[in-house]
2 protein chains.
Amino acid sequence: MAKKRVTLADVAKLAGLSTTAASMILTGRPDTRLSAEAHAKVHEAASQLGYRPNVAARALRTDKSRSIAFISDYVATTRFASGLIRGALAAAEEARHVMLVLETGGEPAREIQAVQAALDRQVDGLIFAAMRAREVFVPDIVINAPVVMLNGTSARFPLSVLPDEYQGGRDAVRLLLEAGISGDIVLLGHNAEDEAGLFRSEMINRRLAGIKDAMREAGLAFIAELSCWNWEPDQGFDLTRKLLATKRPRAILCLNDRLAFGAHQALSEAGLSIPEDVALVSFDNDEIASYLRPGLTTIALPHEEMGRAAVELLLRPGATSGATLAMPIIERGSIRSPAGLI
Amino acid sequence: MAKKRVTLADVAKLAGLSTTAASMILTGRPDTRLSAEAHAKVHEAASQLGYRPNVAARALRTDKSRSIAFISDYVATTRFASGLIRGALAAAEEARHVMLVLETGGEPAREIQAVQAALDRQVDGLIFAAMRAREVFVPDIVINAPVVMLNGTSARFPLSVLPDEYQGGRDAVRLLLEAGISGDIVLLGHNAEDEAGLFRSEMINRRLAGIKDAMREAGLAFIAELSCWNWEPDQGFDLTRKLLATKRPRAILCLNDRLAFGAHQALSEAGLSIPEDVALVSFDNDEIASYLRPGLTTIALPHEEMGRAAVELLLRPGATSGATLAMPIIERGSIRSPAGLI
DNA sequence: CTGTTAGCGCTTTCAT
DNA sequence: ATGAAAGCGCTAACAG
């Protein structure tokens, strides 16, 4: 048992050639001109022996490990992460790279650990993914490898992959307008402190900017702006219920789907029907958006595409500018229920 | 720029010692007896230079890469994956290992690719995580490293980490009984084909076995068993609505939270209140379980603990038996609303 | 066109 | 108690 691993030397010996020849043939270097016969023999020997190159040895020699690191603050806390990882994984696989996943919890000490762990393994590049913050702290370590920021930005590293929040904001308003809604709209989730530049400020500011510009251009203003710190269903519920005590909105524009979920609950409880009495739009395309009845019309965060873009950017040699990805409009039935929509 | 990486030789030179000495001191071998002075000098030099060992080189020499592979069929499709990954990541970090994450989509070709990619990188062990299937296909490749199955089993590899579905099933019934419910219970999600041994059969069979045993022991029988193929909210909704046309259950035991979510919608629509009119219990502790009003009482899948257990098992030298983890009872308000429950 | 040689950075006998 | 030297598996100069 524990058969010794087959090495390049074994292959070369079986093929009756030197390891050099075997190496060149197997790595498929174009500039070399070995006989077709040699090629055949080496490939034959390799597959017969089940040869697999030792990546550690190769990395030692070439400084290329065919692996990248995906370092994120949180991976499970938010449903966002999995889409990001999935997309990144798919792109890495296509490029025949392997991905190390590391989580830091946003703690500086763990960030340093993570970056060093990755660097110690000679990764070919690093992705810093942000689930929570927008401006990401990247430990002050010399990083001799390409870096791309995913869903975040950093002063040190210019390459970022971001969703087009501004346009997303505009689209949300446009959907309402196109459904013939021209007033009595409330905004749910606006938070003054965000605008002041605190928690996830940039991200939300862009979204908000798009919303407000579109509203202004249409000559509209919100009849109420409900703000809260925590964008969870219970907040959406409470705020909406309170709102309904004094106002009767025609539409509620929610800053994320979880808030919309809570609003949906409050609306149902009040006997209001969606979308006839009040329409709902929101952002993210959270899983719950499709669970509601009617389904939530939402401006999606293109997580999978973002993950994919980050890896492609990382692996493209001279990449010089990042990517801003469109947020797809997912129409379900919470604004209007045309034939064919759920 | 692009300062050359500092190597062990640099440290040794600065310390005025041989690389041998530096190596022994830095790796902290106990059996060697170098002078305290030598220790001090080497450590001093290392930290001054910011020395970091090259893991690839070390792996080449020692056959230990301090990395493990996490190979799963699906990572993003199910909300399960992230908990599993998160737990595994935490345990790996504590053991100073790094984790490669690979996704196969359950396709044999990709499974082979993934295993080889991992093996090529000399991983110290592999975890096969199953999100969909129970019995996992592991490609027939010689794997000279420990393997543990996570949320699945394999004929080839005996070490598995599984949730205690049987006890979980019993607990669900017990909760109903303890709330004084003693009849008119319906089972939602039972699927005859599962019992026949198809899709995720084993997992569900154990859960069902626990439920049925507990029911029988209490001298109870379901007044209806609603089966469906796809355990999603819309199915739960349709089935429950249909049920309500002819029967008035006192409780619905749902085989997962998404089904319960749909049942909840149908119940609310019918003007029935939870838990007073009908109680709800289910399984998984999906995120949505906490979003509902009242919150769903559910038997949780301990994903994070499972991920953690898998890594610990993998890294423990002589591990010989797997782990079966308890499914925690998460009491919210869908069976009864005692003071303090949401 | 092919083979020999010299390392990549590290650990580990084996001498001293 | 410490160091010289060999070698893990591979690739890249350089000869032949």
Side-chain angles (χ1 to χ4, degrees), chain A residues 2-42 45-46 49-67 116 119-124 144, chain B residues 2-42 45-46 49-67 116 119-124 144:
Chain A
K3 300 176 70 166
K4 260 206 84 52
R5 207 191 155 88
V6 6
T7 98
L8 186 61
D10 299 330
V11 174
K13 195 195 305 182
L14 209 192
L17 290 168
S18 72
T19 59
T20 309
S23 170
M24 299 194 128
I25 288 169
L26 290 176
T27 50
R29 305 180 68 79
D31 58 320
T32 189
R33 293 154 303 185
L34 293 173
S35 70
E37 189 193 6
H39 274 255
K41 277 202 291 204
V42 168
L49 262 34
Y51 170 72
R52 301 247 84 215
N54 179 326
V55 178
R58 187 178 283 177
L60 189 54
R61 194 64 238 251
T62 62
D63 261 314
K64 247 92 207 66
S65 61
R66 299 200 80 78
S67 65
Q116 290 195 323
L119 257 21
D120 290 352
R121 269 109 184 148
Q122 326 294 127
V123 294
D124 295 341
N144 266 326
Chain B
K3 302 175 70 165
K4 258 205 85 50
R5 205 189 155 89
V6 3
T7 95
L8 187 60
D10 299 329
V11 174
K13 194 193 306 180
L14 213 192
L17 290 168
S18 71
T19 60
T20 309
S23 169
M24 299 193 129
I25 288 169
L26 289 176
T27 50
R29 303 179 68 78
D31 59 320
T32 190
R33 294 154 301 186
L34 292 172
S35 69
E37 189 193 7
H39 274 256
K41 278 202 290 205
V42 169
L49 260 33
Y51 170 72
R52 300 247 85 215
N54 179 326
V55 178
R58 187 178 283 178
L60 189 55
R61 193 65 237 252
T62 62
D63 261 316
K64 247 91 205 69
S65 61
R66 300 200 79 78
S67 64
Q116 291 195 323
L119 257 21
D120 290 352
R121 270 109 184 148
Q122 325 296 124
V123 294
D124 295 340
N144 266 326

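Just so it is clear, the values below take in all heavy atoms, side chains as well, and ignore hydrogens, waters and symmetry mates.
To the nearest angstrom, C1' of dC10(D) lies 8 Å from CG of N54(A). At whole-Å resolution of the value, NZ in K64(A) and C1' in dA12(D) are 16 Å apart. Atom C1' of nucleotide dT2(D) and atom NE2 of H39(B) are separated by 12 Å, given to the nearest angstrom. dG9(C) atom P lies 14 Å from atom CG of L49(B), rounded to whole Å. Residue K13(A) contributes atom NZ, which lies 19 Å from atom C1' of dT2(C) at whole-angstrom precision. Per the geometry, CG belonging to D120(A) stands 14 Å off P belonging to dG9(C), to the nearest Å. In this structure, the CG atom of L8(A) is 17 Å from the P atom of dT5(C), given to the nearest Å.
Listed pair S23(A) / dA12(D) fails the phosphate criterion, with no side-chain N or O lying under 4.0 Å from OP1 or OP2.
Comparing R58(A) and L60(B) against DNA chain D, the residue whose closest nucleotide sits nearer the 5' end is L60(B).
The side-chain heavy atoms of T7(A) and N54(A), taken from C-beta on, include no pair separated by under 4.5 Å. Inter-residue side-chain proximity for D10(B) and Y51(B) is flagged as unmet; no heavy-atom pair is nearer than 4.5 Å.
Between L26(B) and A46(B), the closest heavy-atom pair is CD2-CB, 4.1 Å.
For the helix from dC1(C)-dG16(D) to dT16(C)-dA1(D), the terminal axes (five pairs an end, C1' atoms, rotation from four pairs onto the next four) enclose an angle of 50°, given to 10 degrees.
Here the side chain of T62(A) is nearest to one of dA12(D), dT11(C), dG9(C), namely dA12(D).
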Protein-nucleotides 3-7 of chain D N/O pairs closer than 3.5 Å?
{"unit_1": "dG3(D)", "atom_1": "OP2", "unit_2": "S18(B)", "atom_2": "N", "d": "3.1"}
{"unit_1": "dG3(D)", "atom_1": "OP2", "unit_2": "S18(B)", "atom_2": "OG", "d": "3.3"}
{"unit_1": "dA4(D)", "atom_1": "N6", "unit_2": "T20(B)", "atom_2": "OG1", "d": "2.7"}
{"unit_1": "dG7(D)", "atom_1": "N2", "unit_2": "R61(B)", "atom_2": "NH1", "d": "3.0"}

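Under the rule for a salt bridge (charged side-chain N to carboxylate O under 4.0 Å, His left out), the partners of R52(A) that lie at least two apart in sequence or sit in another chain are D120(B).
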